[in-house]
Amino acid sequence: MHEIKTLNKIAAVGLEKLSPSKYHVSDDCTCPEAILVRSAKMHDYVLNPELLCIARAGAGTNNIPVDKCAEQGIVVFNTPGANAMAVKELALCALLLASRDIVGGINWVRGIAGQGDIPAKVEKGKSAFVGPELWGKSLGVIGLGAIGAKIANDAINLGMTVYGYDPYLSVEGAWNLSRKVIHSTDVDEVFARCDYITIHIPCMDATRYFINASSIAKMKDGVRILNLARGELVNDDDMIAALETGKVARYVTDFPNEKTAACDRIIAIPHLGASTPESEDNCAVMAAQEAADYLENGNIVNSVNMPRAVMPRNGDPRLCVIHKNIPDMIARITGALSAEGVNIENMVNAGLKNKPFAYTMIDMDSRPADLEQRMAAIDGIVRVRVI
């Protein structure tokens, strides 16, 4: 029986994917093999020795100590694309909110309630809230993953000229893009040409404050910027300064804080990007399936700290090894098996260039006694299990 711990309320439709005959799921088990989490902060969480994986029901993993987990042989999964439709729809809403002062207009109408002759006051005062149409304008989409690609395609259908920038665009991602999206190889082109810019990239050291005074200076005067990805991608002080000068006409963020919540020219949405029942269900289902496939079969799909590795199961004992991504590791592993008289039926090895860890799965014709202990003694091995 596999023990799985939930650190947040996980949608029931996801937990239903974990058969009670195989899994015990609770929020209070002390020695889980897997953790399902949404937003709970885990940087101070004590990682128990039995823990094999953490599945985040969402795309971002800032709340999880990803590198620390890798060092301990704990696979961290996320659920890219599961909330893409929800975020895309909010981004389209944000485009409209950035264009016309809809929020200001609604608040103004509420402010004149009870003053009498509302229709006349509305006709006289509505000019204060006008704004441009999206049709014929240019949109820059930075990051063309599951979310960015959907936004780019829908913006084309809204009559916008769309520039897409993503130096890591996958072949699959490219197939999902409309051929009308202009592929920019230089982000400065996006900054210089676009009336609207929306950012959909992960937040890491290299992308922190991606939008700052320097990048804003390269943009059109009166540009409108959307950030539904991560708050730290934008330097708030630089953004507020640009709003005060009019360089930026409007900033829409899904990550309010003390600075952005108080600025009149910022539309601060209370982190609603993935807050739909459908999105929460999709994320929960994907997270549960990823964790179950790893626990039962050793397959790794959508990990943020380990390479992708998938191999069909043929019923033989399967050796799963997380190890350092260094020369001679495969020879050490297979040599140890050969010394025990084990024949390899099937095998997959995966690593990522310049990444510290790799992963090997081997289907064997037999399972020698104490195999895990023998393998763990090999220099460079991080984690071993046989399933």
Would you call K22-E296 a salt bridge at under 4.0 Å N-O?
yes
Does this structure show an ion pair linking R367 with E372, if we count only N-O contacts that are shorter than 4.0 Å?
yes
Candidate pair R308 and V301, rule side-chain contact (heavy atoms from CB on, under 4.5 Å), full reasoning:
CA-CA 5 Å; R308 176 186 173 91; V301 180; 3.3 Å; yes
Look at atom [atom1] of [X] and say whether more than 12 heavy atoms of other residues, nucleotides or ligands are closer to it than 6.0 Å.
X: D186; atom1: CG; value: yes
X: E172; atom1: CD; value: no
X: R100; atom1: CZ; value: no
X: Q373; atom1: CD; value: yes
X: K17; atom1: NZ; value: no

Check: [X]/[Y] side-chain N/O donor and acceptor closer than 3.5 Å:
X: N314; Y: N346; value: no
X: S279; Y: N282; value: no
X: T360; Y: N349; value: yes
X: N299; Y: D293; value: yes

Taking distance alone, no hydrogens or angles, what donor-acceptor pairs closer than 3.5 Å link side-chain atoms of residues 220-230 to residues at least two apart or in another chain?
{"residue": "K220", "atom": "NZ", "partner": "R193", "partner atom": "O", "Å": "3.3"}
{"residue": "K220", "atom": "NZ", "partner": "D195", "partner atom": "OD1", "Å": "3.0"}
{"residue": "D221", "atom": "OD1", "partner": "K247", "partner atom": "NZ", "Å": "2.9"}
{"residue": "R224", "atom": "NH1", "partner": "A98", "partner atom": "O", "Å": "2.5"}
{"residue": "R224", "atom": "NH1", "partner": "S99", "partner atom": "O", "Å": "3.4"}
{"residue": "N227", "atom": "OD1", "partner": "A229", "partner atom": "N", "Å": "3.1"}
{"residue": "N227", "atom": "OD1", "partner": "R230", "partner atom": "N", "Å": "3.4"}
{"residue": "N227", "atom": "ND2", "partner": "R230", "partner atom": "O", "Å": "2.8"}
{"residue": "N227", "atom": "ND2", "partner": "Y251", "partner atom": "OH", "Å": "3.4"}

Is it true that a side-chain atom of K137 and a backbone atom of E133 form a donor plus acceptor pair closer than 3.5 Å?
yes
With hydrophobic residues grouped by side-chain heavy-atom distances under 4.5 Å, do V87 and Y196 end up in a single group?
yes
Tabulate below the donor-acceptor pairs under 3.5 Å that side-chain atoms of residues 120-132 make, not counting sequence neighbours, or state none.
{"residue": "K121", "atom": "NZ", "partner": "G116", "partner atom": "O", "Å": "3.0"}
{"residue": "E123", "atom": "OE1", "partner": "K126", "partner atom": "NZ", "Å": "3.0"}

Minimum heavy-atom separation for C69 and V76, please, with both atom names.
CB-CG2, 3.7 Å
Looking at every heavy atom in both M311 and V348, which two are closest together, and how far apart are they?
SD-N, 3.8 Å
Quick one, R313 with I387, criterion side-chain contact (heavy atoms from CB on, under 4.5 Å). Give me CA distance, side-chain angles, the key distance, then yes/no.
CA-CA 11 Å; R313 196 72 189 270; I387 51 179; 4.0 Å; yes
Side chain to side chain donor-acceptor pair (under 3.5 Å) partner of E290, the single match among T79, N78, N302
N302
Hey, could you give me the CG/CG distance between D363 and L319, rounded to the nearest 0.5 Å?
9.5 Å
